[in-house]
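Since this is a predicted model, take the numbers as computed values, not measurements. Labels below follow one simple rule: chain letters A, B, ... track the order of the sequence lines, proteins then strands, and each chain is numbered from 1.
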Amino acid sequence: MKQLIRPYGDTLNDGKIQLSFTLPIACNKKGEASAKALVESLGIRDVSVVHSEALDDAFSYYIIYGTVANPIDIENITVETVDQAVMSKDAIEAYIKEKFDKELVFIGASTGTDAHTVGIDAIMNMKGFNGHYGLERYQGIKAINLGSQVDNETLLKQALHHHADVILISQTVTQKNIHIKNLTEFIELLEAENLRERFIVIIGGPRIDHSLAKELGFDAGFGPKNYAYDVASFAVEALYFKQKYDV
Amino acid sequence: MKQLIRPYGDTLNDGKIQLSFTLPIACNKKGEASAKALVESLGIRDVSVVHSEALDDAFSYYIIYGTVANPIDIENITVETVDQAVMSKDAIEAYIKEKFDKELVFIGASTGTDAHTVGIDAIMNMKGFNGHYGLERYQGIKAINLGSQVDNETLLKQALHHHADVILISQTVTQKNIHIKNLTEFIELLEAENLRERFIVIIGGPRIDHSLAKELGFDAGFGPKNYAYDVASFAVEALYFKQKYDV
Amino acid sequence: MNKLYLNQQTINAARLTAKKIADSVQTFIDQHTTISVERALCRMLGIDGVNALDIPYPNIIVDHIKDNADLSKGVAHYLSYALAEHKHAPQKIAEMIDQNCLDLSQYDKLEQSPHIALLTQYLTPQLNRIKRQKATRETMQLKPSKTPLKYVIVATGNIYEDVKQAVAAAKQGADIIAVIRTTGQSLLDYVPYGNTVEGFGGTYATQANFATMRVALDQVSDDQNRPIYLVNYASGLCMSEIAVMGALERLDMMLNDALYGIIFRDINMQRTFIDQYFSRVISAYSGITINTGEDNYLTTSDAFLEAHTVLASQFINEQFALNAHMKKSLMGLGHAYEIDPAMPNSFLYEIAQAQMAREIFPEAPLKYMPPTKHMTGDIFQGVIQNALFNITAVSTDQTIHLLGMLTEAIHTPFMSDRAQALKNAQYIASAFQDFSKEIKFDENGMIVARAQSVLSEANQLLSSIKNMGLFTALENGVFASTKRQMTSGKGLEGVFKKHAVYRNPVLELMKKAMAGDV
Amino acid sequence: MNKLYLNQQTINAARLTAKKIADSVQTFIDQHTTISVERALCRMLGIDGVNALDIPYPNIIVDHIKDNADLSKGVAHYLSYALAEHKHAPQKIAEMIDQNCLDLSQYDKLEQSPHIALLTQYLTPQLNRIKRQKATRETMQLKPSKTPLKYVIVATGNIYEDVKQAVAAAKQGADIIAVIRTTGQSLLDYVPYGNTVEGFGGTYATQANFATMRVALDQVSDDQNRPIYLVNYASGLCMSEIAVMGALERLDMMLNDALYGIIFRDINMQRTFIDQYFSRVISAYSGITINTGEDNYLTTSDAFLEAHTVLASQFINEQFALNAHMKKSLMGLGHAYEIDPAMPNSFLYEIAQAQMAREIFPEAPLKYMPPTKHMTGDIFQGVIQNALFNITAVSTDQTIHLLGMLTEAIHTPFMSDRAQALKNAQYIASAFQDFSKEIKFDENGMIVARAQSVLSEANQLLSSIKNMGLFTALENGVFASTKRQMTSGKGLEGVFKKHAVYRNPVLELMKKAMAGDV
Ligand code: B12
Ligand code: B12
Ligand SMILES: Cc1ncc(COP(=O)(O)O)c(C=O)c1O
Ligand SMILES: Cc1ncc(COP(=O)(O)O)c(C=O)c1O
């Protein structure tokens, strides 16, 4: 059954939406009309330019309200999520004890020129984040955090050296899609060395989600509001599955 | 020649745009995916849901950035504006002195249930607005401000009674398009009484512009940032034109 | 709390002058009644509902007397005779009149009614219900929320959408929900009936709508374990009727101010002062907080130059309320953050004015309005204006804190606008939690000087109003630069000088009840 | 300006301890040079440009010596011999080396160069240009803008887009424009050449880009009739080289902080302290304000718990700068508004910390950073966070006021984000114009107590750093909870202990020039 929805201002299906943007043209009546036309070209009706402002002689800024003309059907929207049940730290530790006869090695880094470590530290370090301990504190897990600005080659070399089971990559800077470039290179590197199947490779960062990760060829992806247990739940199950069927 | 433009974030034609809206569904992964899908259905790419928040169990709010896929051509965008050259108060007074042999009568009101007077007062009263005197202070103009909550019938009756040349209508409340309803009724009333040609009828208010005025059958429409001289410039020329050719 | 070194003698003098102003109007009020006062009395007798033409029965009775007899004797006169004769409940009497089965004009020429006491049995159920509602409210208020109380409006025009918005807002942290009225209602000389879904810029104030919203808010109040207050408007041509309805349905606050109606709705001043008095007595009796409308002056006049008019009006409103036996703790006097943001030191002046109101009316649950006039379509700028307002509200300990909407200049609030407003207020309340305790103002600085000068200007203005009388002052446009004539404006035809036989048993009972109370 | 009743003795003690910490590192610095210091010296000799493989000539010379001879003797040793022999300008010498027409290793075993004075004629043009640039800056600054100076960043990655953004921002009221660097640059051990259009999260710092932006800003500065300051980064592996380039192109400020590089870029500490010293001497000589990076600590560590680490680091940075002959008026010590907005009274603590910095470093043009860490995708909330920060900046008289962007958590600023930030700051600056003069803090209140406790914690921390030495303290992760080893990190291979024959004529000339000056 179709489930048609539109945005909601204060009445069901009123379709109300707010927009703002800059146009590379002067701020005047024609600018406003152009802004309106642009928004109308997006399928928005009752367009009201509630604010216009010159940013420079040939740049103008607009704030606009309007009504989305066509509803969308959300019935078939499916969400790519990591579909493991999330386990607690205790449960993960018990799971490892039961299913594996060795310590699992997780190696992680913020790669390329990315110097942001707070995200990967949140997942890996003792202290964790928002009161959730990091992997370092998990019994049965050896967590090796290489820090930031680690190039893809170094990460792979270290992963092999430490007999890692899981590789964790953090990417924060996304300007001009530098993260996509960097992540793709890592997958290519693994494939070139015929090592893709050797590791569970997980990525994370503020603009990362599971569907992007899958698209790029990783095993999983985690964005904001994820903690060590989310990652570990996925990783240990994936490893168990791998050891059971792959080898 | 085509003049194609797209929104501007920090690089020409990068197409960057910000949106926000509420959806009448729960705030979760599916909600986010639906918000994304909705924005994509508007022809926006690289959609990034940067904020999502529950407003209630079945209402969720999203802030989104994305890239407008298709540029628009602004070459043929024309703007319906009052195309009189705007005269100063002195010039208007001189013009009246020269072209008319009687005082011009402007009658104005905020009509229907609308109780907002600041806008019509800004145009009509002595004091004016932002340092621009109102019509009451113009030599050669008799300005009669009926105030607010004046119903259409009363306004017309008073206009006839005072032998008005120009009728000024202010409309501020626009919720559920009540202003459209109210303004349309006034035009219908004039037409029913065969009096449409008798007056120059001008409308104004925060959501009024010239094109709306023309569409509804008025002579002109003025929105924010317009003052008494804008209105008077239009009105006196229109009256002159009318007396020259109509009668 | 004395940060401004205000001169207490000036304050006392101003208060005394205001008392004289209000007392002189009170003399006029006491001599008059209105159709709305009489209809309110009908409602207290349990008369409710509408006839086949959707005319409310209170209107049917009052119009019947007005058209066929002499309303200056009051409905109590006629109804008490009718009750004595027919032994039917007042509602039945009303229906009989509607069906032309009864003509009250037969009692017109009779002497002062000896049957007034017969009305009491019909008043009692309503009075009891009001008492119960008051008790319920007081019990709930045992767990009061932290002030400033976060007040938001809903204004969809549809009571059912309003409920959704209100519930969402309460869950997001709102303490007070005001259901804004549709634009036209204050000029209607009757109160519409039933649940309604068609309003512009607001929803009809009807008793059914009150009840619907009350149920929804009680529910969310239980869930949230804190009181959620409900507000509507005892304002316009039906002030006192709506006050009755609000009391019956346990509204917590009522916008209630004759001056607002006079200035902004062009309601006749005689009419609305009389209505206001009865409505305030009802609210006082019912424990309902009123909200006055001085803030609105600054949407028309300049907020810096005319700040003293707000203060003068608050002094007058305080006296009107006292005359209606209202406790100071129910007087939500209005003021606002409306200085042009382009003015240097605007924040300092706002702090001065807000703190001044707080010090002059220490017991009043002040109603503090956000910036509206200088809000623009730049919603991001609007967020900052609201934040500065919120800082002021928190730092000067305002009680009723109307949250500014980032879309003030655009539309009545969307659900998300309200949510953003609540987050803004909550963040500021937390970030500035103990700020006011931490800071002192320079005794010789501009904040202190500003407050002192506003007080002294207000004091002067009050003197001049006293000298000419409030009616004349209003004719001169003393507030919001708006002139109104004593004999023009809407609703004058509904004013009647009380006849010698006139009685208003509701007023009498409530006053008596409160005599021990105040 | 004493609002916090800070103990001046504690301040003096902390300053003395910091001096001891810096002096002990200075001993180490004075004994060492680095490849970047030597390349900076080359640039001062007029060596510029790149070879066919895009390798900058300063690198060609220095690498040549490093690979074929003994760099510990310094480039001056080799070049002075080469000049004496070949009579070519240094640039020509560099090109000869690149073409393998000259091998400097021939001078390796020679005695201390008797020709060092020959270098002076080649240094003079650059020194003169720097002096002229300094004079120009000082003339323009005769008409200084009101503090806080509004500082915004541009970061498109493309210098030509940066120019558009910068010009627009200046017209909208920005006082300072910082061109952010591309993410990778600080780890490059060379400075790219020419105008560039390809950067990620920022634009390459090149001398050509500096010049291009300077021209554009001079133009808009003339139009606006107020100085528009230009900022870049003398930071990373090429600190001192970029300091030279900035001095030549009349930049006004330079982000410059070895501690930042150590902690956030994993640059080797020995390397960067040595580089920093020379870069600060150059900036001091050139009248360029430095900006230190303590604010960054709070993006990694908790801003409430670790506030004292910022203060301790500022004390140390002040001493490092003094050792480099820098005037206090050029020390843009960094700090930030980064307390979690969820913390009650966050604003009070921020005010306390900001006012504390102001009182402890009264002459410093403090650099105050906006909230970044706790900014979220909720841009409307972000606007409020920035407004509170702006209030603090204005009310505690900060000098360099980095404006927060509502989209901080999302992307590098759009043109409109910057415009909104400027409007936010301008509105606050006006609304709160005289606020700080008007208010006093309760002497026994929490604001005063907070400042005092941060100072005393900083004092203790300094003592413990002094006891273990700064290198060891950094190994222990004293700042931003980040541990760095003395012998790991990028760039260690570029550090050399000075040979007995080592000379740095630039350092000598500049120090001599400043001796009369400080
Ligand atoms: C802190 C910070 C810094 C600090 C970093 C300190 C450090 N030790 O990491 C410093 C000051 C050094 C810094 C520098 C720069 N920064 Co910065 N920085 C930030 C800031 C303020 C917060 C980031 C953060 O720590 N978030 C908190 C963490 C916990 O969140 P998170 O990373 O999303 O992590 C969570 C999840 O994503 C997930 N996760 C993250 N990684 C991983 C990995 C795995 C495997 C898994 C499973 C999960 C996972 O789990 C975490 C917990 O839930 C943001 C702005 C903002 N408010 O977001 C800018 C920001 C990220 N920085 C930015 C930039 C551009 C820079 C610079 C490049 C600027 C410059 N040119 O100088 C520099 C250089 C750094 C570089 N080369 O990368 C931009 C990026 C723009 C973009 N989208 O491309 C931002 C958005 C600011 C901006 N608007 O310009 N920055
Ligand atoms: C002041 C004000 C009031 C005052 C009015 C006082 C008075 N004496 O006028 C009071 C407090 C009484 C008031 C009440 C209400 N208000 Co009111 N009010 C405003 C406010 C804050 C400012 C309006 C204003 O004065 N603008 C300044 C004037 C100068 O601007 P202007 O009208 O645009 O006029 C300029 C031009 O448009 C033009 N112009 C205007 N008229 C004309 C006419 C002609 C002929 C010409 C040529 C030009 C012209 O020239 C002017 C100068 O440039 C706005 C919010 C805002 N910031 O905009 C809300 C606002 C207009 N109010 C609103 C509402 C809903 C109400 C109420 C209905 C709420 C209620 N249910 O209680 C009530 C009742 C009023 C009613 N029945 O109409 C809504 C309207 C929503 C909508 N779009 O439908 C707004 C937008 C607030 C909101 N977000 O909810 N309000
Ligand atoms: C005292 C008072 N009454 C009433 C109203 C609302 O108007 P209306 O009576 O037109 O619904 C306001 C609006 O602000 C007010 O302040
Ligand atoms: C002192 C200092 N240097 C440099 C930078 C910038 O980083 P990078 O050197 O990586 O370009 C910052 C950023 O905030 C800083 O504070």
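- Interface remark: B:Ile25 contributes side-chain atoms only to the contact with chain A (heavy atom separation under 4.5 Å).
- Using a 4.5 Å cut-off between heavy atoms, B:Ile64 does not touch chain A at all.
- No part of B:Val49 comes within reach of chain A, as not one of its non-hydrogen atoms sits under 4.5 angstrom from that chain.
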Between chain B and chain A, identify every pair of one donor and one acceptor N or O atom lying under 3.5 Å apart.
unit_1, atom_1, unit_2, atom_2, d
B:Tyr8, N, A:Thr22, O, 2.8
B:Gln18, N, A:Ser20, O, 2.9
B:Gln18, O, A:Ser20, N, 2.9
B:Gln18, OE1, A:Gln18, NE2, 3.0
B:Gln18, OE1, A:Ser20, OG, 2.6
B:Gln18, NE2, A:Gln18, OE1, 3.0
B:Ser20, N, A:Gln18, O, 2.9
B:Ser20, O, A:Gln18, N, 2.9
B:Ser20, OG, A:Gln18, OE1, 2.6
B:Thr22, O, A:Tyr8, N, 2.8
B:Lys30, NZ, A:Ile74, O, 3.1
B:Ile74, O, A:Lys30, NZ, 3.1

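- No other option in A:Leu38, A:Ile44, A:Val50 has as many heavy-atom pairs under 4.5 Å with chain B as A:Leu38.
- Ranked by heavy-atom pairs shorter than 4.5 Å toward chain A, the options B:Leu55, B:Leu23, B:Val68 are led by B:Leu23.
- Within the 4.5 angstrom heavy-atom criterion, no atom of A:Ile63 approaches chain B.
- Between A:Leu42 and B:Ile17, the closest side-chain pair of non-hydrogen atoms falls below 4.5 Å.
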